[in-house]
Amino acid sequence: MEALIKQALLDHSQEIFEMDISEKMIQFQKTRKDVEGDLTLVVFPFGKVLKCSPVDAGEKIGAFLVEKIDALASYSVINGFLNFVISDQYWLGRLSDMDSQEKFGFQEANSKPTVMVEYSSPNTNKPLHLGHLRNIFLGYSVAEILKANGHKMVKTQIINDRGIHICKSMLAWERFSPVNDKGERETPENTGIKGDKLVGKYYVLFDKHFNTEANKIIQGWENADFSGYSEEISAEFERLNSSKAGKDEKAIAGLNEKIKDLAKNQTTILLDAKEMLILWEAKDPQVYLLWTTMNGWVYKGFEKTYDMMGVDFDTLYYESNTFLIGKDLVEDGLSSGVFFKKDDGSVWIDLTDDGLDEKLVLRSDGTAVYMTQDVGTAVDRFKDYPDLDGIIYTVGNEQDYHFRVLFLILQKLGYAWAKNCYHLSYGMVELRNSAGEVGKMKSREGTVVDADDLMDEVVGAARLMTQARGHIDGMSSEERDELFYKIGMGGLKYYLLKVDPRKGMAFNPEESIELNGNTGPFIQYAHARIKSLLAKGGELHNLRDVESISAEEKEILKHLNCFPEVIREAGEGHSPALLANYAFELVKLYNSFYQSVTVLKEEDATLRNMRLVLSSNVAKVIDLSLGLLGIKAPERM
RNA sequence: GGCCCUGUGGCGCAACUGAAUAGCGCACUGGAUUUCGGCUCCAGCGGUUACAGGUUUGAAUCCUGUCAGGGUCACCA
């Protein structure tokens, strides 16, 4: 309808205004609730150009359009706003139209360029936690939304499977794992512990021994025992230690932290881990075997977690493969002058002209850093997918700077596609306890929320609450489990996705399992209720001979009619939150309608059928929008 | 300190490609309904959109400054 009006105005601008008008002047908005009308044209811009009052301009335009366009029933002008009433028949036509489309609002699949969405991208040394949940649900949802917008999609992740942190777990396992009577160290098989959890356990254990040893060293230093340490180290310690005098608490804590780092670097356990990394890089068979074995455990564990989350990937990239590509690219860039080498052999890029700093891309010992690998991965991906248009990186906002640099480097290396790379940056998830205090998750303080535990918890909560309400008679226990899963996960996903991604959020366990208000289960319930209605309502017929619709019905139709536009906006803005809020709004409108009219008991068969068709399309759009959030809409609950 | 992000009723959020009296949920108060699935609906209470200027016919939205919170500025990832 907007397009129709816009065209009419442009085509007849001479007739109405006696001058040409620009498209930009034509601005629509939803009509306010307390004003009669279905669509509003803002007429301030016209008043300005026509040098008359906005009201006069509105009258002129309104009279012309109502005459010209059949579907416009009437108009009114209030202040600078021209409100149109659109005919009931127009809305009924829209209903027929959307009813005929199974995937109403979706663009034709694969009709747009290929896009890659990267999300999750874990380290292989510890299990996934709450922070990953926001990342994964967000990335998955954005990928689904872009698919709905017609893009060909490749879902991927970069698995951070190499580096010192992996060696720490490996070393701790080798050194500290108890040995059973068969002479085996702990494995997922012989302990029953999920693979990623087992490896994570040893990562924590490494840290514990690491700290103990470092503290012992500091104790020695404090007693002036520097035997075995170089003069530089003792001098550095003395410098740090003596500068504590007279400082405030915060400064002292900072200095202590520095002393601790100094000591940590002297621990034998870290030196051993570093040695292991060198062996790994040299592909030492024993270390390599240990590495593949332990990573294998982790992948199996992750697989289970992803399965529970209901997400998938098309292609996986491993840092252990791509960091070498990155190193080659740095060599190339060095000869082409994009990078430069410092005296110590380290390689840098100078981004001061772009308002950034110098950034390291290769260490002085020739080993790769994170940036090196990311450059390699990006180039590798475009090689693998020649029709790839761009990559979307779902990564937390603490890496905003990193991605600015990465995209700049890719641009300077001459890759035209660099401008199509986008950092889907999201805010941190912090924890809110029952007292309402917000705090960061810290593994050392045991305040990290494990992803598996959390999912089990919300599904368990859904079980309790749904059993208490009871609409599950006659369901098998498998069906019930499936239902509790859908409700629990639906609530959790909705909770994490309804907020604008770039904003930080505080996770409140109680709120995440709420069933009322702006929640996933509230929307799921409306869907189930409609499905029940439809099951009892019998066969649906084509709409015809419906004379008029009620205000509630019209409000729903107007909202349904926006769905395609919302999908488009959610894709453009990379924001699942738009769809979440859209679905919630739809449900509220429907509940209001449901309260005010009867459907099944309506005696007028035409009207009854129209309401059923309307309900059916509401259910469909709920199902589609929840689907784009990765949430299932149960038939019963 | 430089750069980036955020700041909306008690709490959680929406509107942030400028437009009418800033919407919604939770909580609280009152009411409807005992139903086609009440995990429902309606109403009330509650905000000079952190603060101060500026641009504009019009600012939560854009600009400048201040304040507060977070992030980042590693030969970590």
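Because the structure is a prediction, the values reported are computed rather than measured. We name chains A, B, ... by the order of the sequence lines, and we start the count at 1 in each one.
- For A:Q399, whose side chain is taken as the heavy atoms from C-beta onward, the closest listed nucleotide among B:rG71, B:rU40, B:rA77 is B:rA77.
- Remark: B:rC36 base-pairs with no nucleotide in the shown strands. Criterion, Watson-Crick or G-U wobble with two distances under 3.5 Å.
- Counting any heavy atom pair closer than 4.0 Å across all strands shown, A:S592 reaches sugar-phosphate atoms only and no base atom.
- Ring pair A:W280/A:F323 is tilted by interplanar angle, where 30° to 60° counts as tilted.
- Among the protein residues, A:E635 comes within range of the nucleic acid bases, having at least one heavy atom under 4.0 Å from a base atom.
- Looking at heavy-atom distances under 4.0 Å, A:V599 makes contact with a base.
- Rounded to whole Å, the C1' atom of B:rA50 lies 22 Å from the corresponding atom of B:rC3.
- Heavy-atom nearest nucleotides on RNA chain B were determined for A:V587 and for A:D400, and the one closer to the 5' end corresponds to A:D400.
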Original post:
Between A:W348 and A:S346, does a side-chain contact (heavy atoms from CB on, under 4.5 Å) hold up when you go through it step by step?
Top reply: CA-CA 7 Å; A:W348 297 72; A:S346 57; 2.8 Å; yes
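- The partner of B:rU56, taking Watson-Crick or G-U wobble pairs whose two distances both stay under 3.5 Å, does not exist in any strand shown.
- Note: A:F403 and A:Y393 have tilted aromatic rings, judged against thresholds of 30 and 60 degrees for the angle between ring planes.
- Residue-level contact check: A:V597 touches the bases, meaning some heavy atom is under 4.0 Å from a base atom.
- The distance between atom CD of A:E510 and atom C1' of B:rA27, rounded to the nearest whole Å, is 14 Å.
- The structure places NE2 of A:H574 at 9.0 Å from OG1 of A:T394, a figure rounded to the nearest 0.5 Å.
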Subject >> Sugar-phosphate or base contact per nucleotide [nucleotides 13-20 of chain B; S, B, -; heavy atom under 4.0 Å] >> reply: -SSB--BB
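- Residue contacts for A:N123: at a heavy-atom cut-off of 4.0 Å it reaches the sugar-phosphate backbone alone, with no base atom in range.
- Using the Watson-Crick or G-U wobble rule with both distances under 3.5 Å, B:rG23 pairs with B:rC13.
- No hydrogens or angles were tested; on distance alone, nothing pairs the side chain of A:E398 with the base of B:rU72 as donor and acceptor under 3.5 Å.
- A salt bridge links A:E358 with A:K342: at least one charged nitrogen is closer than 4.0 Å to a carboxylate oxygen.
- A distance of about 26 Å separates the C1' atoms of B:rG53 and B:rG1, rounded to the whole Å.
- Taking the ring axis of A:Y426 as reference, the NZ or CZ atom of A:R134 does not stay both within 45° of it and closer than 6.0 Å to the ring centre.
- Among B:rU72, B:rC24, B:rA77, the nucleotide with an atom closest to any side-chain atom of A:F584 is B:rC24.
- Nucleotides of RNA chain B nearest to A:E585 and A:Q595 differ in position, and the one nearer the 5' end is that of A:E585.
- Atom OH of residue A:Y75 and atom CG of residue A:N83 lie 11.5 Å apart, to the nearest 0.5 angstrom.
- One atom, CG of A:L356, and another, P of B:rA74, lie 13 Å apart when rounded to the nearest Å.
- OP1 or OP2 of B:rU72 has not a single side-chain nitrogen or oxygen of A:Y401 nearer than 4.0 Å.
- B:rG25 and B:rA15: their P atoms are spaced 16 Å apart (whole Å).
- One interatomic measurement links the two molecules: CG of A:D161 to C1' of B:rA77, which rounds to 13 Å at whole-angstrom precision.
- Two residues are said to be in side-chain contact when any heavy atoms from C-beta on lie closer than 4.5 Å; A:L133 and A:L128 fail this criterion.
- Across all strands shown, B:rC41 pairs with B:rG31; the Watson-Crick or G-U wobble distances both stay below 3.5 Å.
- Between A:N591 and the phosphate of B:rC41, there is a side-chain N or O to OP1/OP2 separation shorter than 4.0 Å.
- For the C1' atom pair drawn from B:rC4 and B:rU56, the interatomic distance equals 29 Å after rounding to whole Å.
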**OP:** Assess whether side-chain contact (heavy atoms from CB on, under 4.5 Å) is satisfied between A:N160 and A:Y318, documenting all intermediate values.
**Re:** CA-CA 6 Å; A:N160 186 1; A:Y318 296 88; over 6 Å; no
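- Between the C1' atom of B:rC36 and the NZ atom of A:K601 lies a distance of 6 Å, rounded to the nearest Å.
- Backbone-only contact: A:F522 has heavy atoms under 4.0 Å from sugar-phosphate atoms and none from a base.
- Pairing for B:rG65 is with B:rC51, a Watson-Crick or G-U wobble pair whose two hydrogen-bonding atom distances lie under 3.5 Å.
- Taking atom CE of residue A:M465 and atom C1' of nucleotide B:rC39, one finds them 10 Å apart after rounding to whole Å.
- Between the CG atom of A:N397 and the P atom of B:rG69 there is a distance of 17 Å, given to the nearest Å.
- For B:rA19 and B:rA59, the P atoms lie 10 Å apart once the distance is rounded to whole Å.
- Note: CE (A:M428) to P (B:rG69) measures 16 Å, nearest angstrom.
- Taking atom P in both B:rA20 and B:rG65, the straight-line distance is 28 Å, to the nearest Å.
- Shown here is A:K258, whose NZ atom has no more than 12 heavy atoms of other residues, nucleotides or ligands within 6.0 Å.
- Rounded to the nearest Å, the gap between the C1' atom of B:rU48 and that of B:rU29 is 26 Å.
- Taking atom NZ on A:K359 and atom P on B:rA74, their separation rounds to 7 Å, with Å as the unit.
- Note on A:R608: every side-chain N or O is 4.0 Å or more away from OP1 and OP2 of B:rC36.
- Residue-level contact check: A:R636 touches the bases, meaning some heavy atom is under 4.0 Å from a base atom.
- Spacing of P atoms, B:rC63 relative to B:rG7, comes out at 14 Å, to the nearest Å.
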